[in-house]
Amino acid sequence: MLRIMGKSKATVEQLQTYIKKVNPKVTDSVTKLAAIYITEGEAEGVRGDIAFVQSCLETGNFTFCGSAVDFEQNNFCGLGVTKNGMKGNSFDIPIKGVREQIQHLKAYASNERLMQTCVDPRFLYVARGTAEYVEWLESRRIQHTKAGLPEKDMENRSLES
C-alpha cells in the first residue's frame, strides 16, 4: 500500500518530465508547480509527488479537459466539487491551491497538526486520520478523486522520466 505521509520519492525533475511527456503542450506555469508540490509536501510531511500525480488525474494532466475546475481557479484537486456542474473552490495564487490540497490529504492521512496556516476551507469537515494510504482515498470517496489507483500505477506515474 502507498502511504500519503512521508518524503517524496520522485524529484521535481521527474515530475516535470512526466507532465511534459503526458501533456507536451503543458505551460511553464504548470511545470513550476512540481517544485511547489514537493516543498509544500515537505512542510506538512505529505508526499508531494503523490499530490502532484493526484492533480494530474483530476485535471486531465493539466489540460482541464473534462475537469470541473480550470487553471485560473488554482484548485488542482477539485476541492469543493460535490456534484456535476459545480466549479469548486478558488484560490488567489497557485501556492495556496497546492497548499490546500496538501493540507486536505494530511487531514485524511494523519491526526498531526498543520505546520502552516490552514487554507483548506474543508479541513475541519474531514474525519482525521481515516485514509493513511492512497488506496483508502477511493473508499472514502474524497472529492470524487481518482487517486485510489493501484500502488504501482501511482508510484510509476510519479517516477516516470
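None of the values given here were measured: they were computed from a predicted structure.
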Set of residues satisfying side chain to side chain contact (heavy atoms under 4.5 Å, CB included) with respect to Thr63, sequence neighbours excluded: Asn23, Cys65
Listed partners of Thr31 passing side chain to side chain contact (heavy atoms under 4.5 Å, CB included), at least two apart: Gln16, Ile19, Lys20, Val26, Asp28
Closest contact, heavy atoms only, Gly88 versus Gln73: O-NE2, 3.5 Å
Test ring-ring contact (aromatic ring centres under 6.0 Å, His included) applied to Phe76 - qualifying residues, sequence neighbours left out: Phe62, Phe71
Any residue meeting side chain to side chain contact (heavy atoms under 4.5 Å, CB included) with Ala51, in chain and number order, not counting sequence neighbours: Tyr37, Gln101, Ile102, Leu105
Hydrophobic cluster membership, Leu124 vs Leu114, 4.5 Å side-chain cutoff: yes
Leu2 versus Glu135, closest heavy-atom pair with distance: N-OE1, 3.1 Å
Side chain Ser67, main chain Phe64, donor-acceptor under 3.5 Å: no
Residues forming a side-chain hydrogen bond (donor to acceptor under 3.5 Å, both in side chains) with Thr117, sequence neighbours excluded: none
Co-members of the apolar cluster containing Tyr125 [side chain, <4.5 Å]: none
Sub-4.5 Å side-chain heavy-atom contact between Pro121 and Leu79: yes
Heavy-atom side-chain contact between Leu33 and Pro94 under 4.5 Å: yes
Cluster check Phe123, Val126: I/L/V/M/F/W/Y, side chain < 4.5 angstrom: no
Minimum side-chain heavy-atom gap Cys56-Tyr18 below 4.5 Å: yes
Side chain to side chain, Val46 and Met5, heavy atoms closer than 4.5 Å: yes
Partners meeting side-chain hydrogen bond (donor to acceptor under 3.5 Å, both in side chains) with Thr39 (sequence neighbours left out): none
Those residues that, when tested against Glu42, pass side-chain hydrogen bond (donor to acceptor under 3.5 Å, both in side chains) (two or more places apart): none
Worked verdict on Lys87 versus Val69 for side-chain contact (heavy atoms from CB on, under 4.5 Å): CA-CA 6 Å; Lys87 288 299 280 179; Val69 294; 5.8 Å; no
Flag, side chain of Ser8 to backbone of Asp49, donor-acceptor distance under 3.5 Å: yes
Any residue meeting side-chain hydrogen bond (donor to acceptor under 3.5 Å, both in side chains) with Asp120, in chain and number order, not counting sequence neighbours: His104
Heavy-atom neighbours of Lys7 NZ exceed 12 at 6.0 Å: no
Under the ring-ring contact (aromatic ring centres under 6.0 Å, His included) test, residues paired with Tyr133 that sit two or more places apart: Trp136
Main-chain N/O of Gly97 paired to Asn74 side chain as donor or acceptor, under 3.5 Å: no
Minimal non-hydrogen separation, Leu15 against Ala10, with atom names: CD2-CB, 4.0 Å
Pairs satisfying salt bridge (charged side-chain N to carboxylate O under 4.0 Å, His left out), at least one member in residues 91-108, at least two apart: Glu40-Arg99, Glu44-Lys106, Asp92-Lys96
Cluster check Ile38, Val134: I/L/V/M/F/W/Y, side chain < 4.5 angstrom: yes
Cluster overlap Ile36 with Ile4, hydrophobic side-chain contacts below 4.5 Å: yes
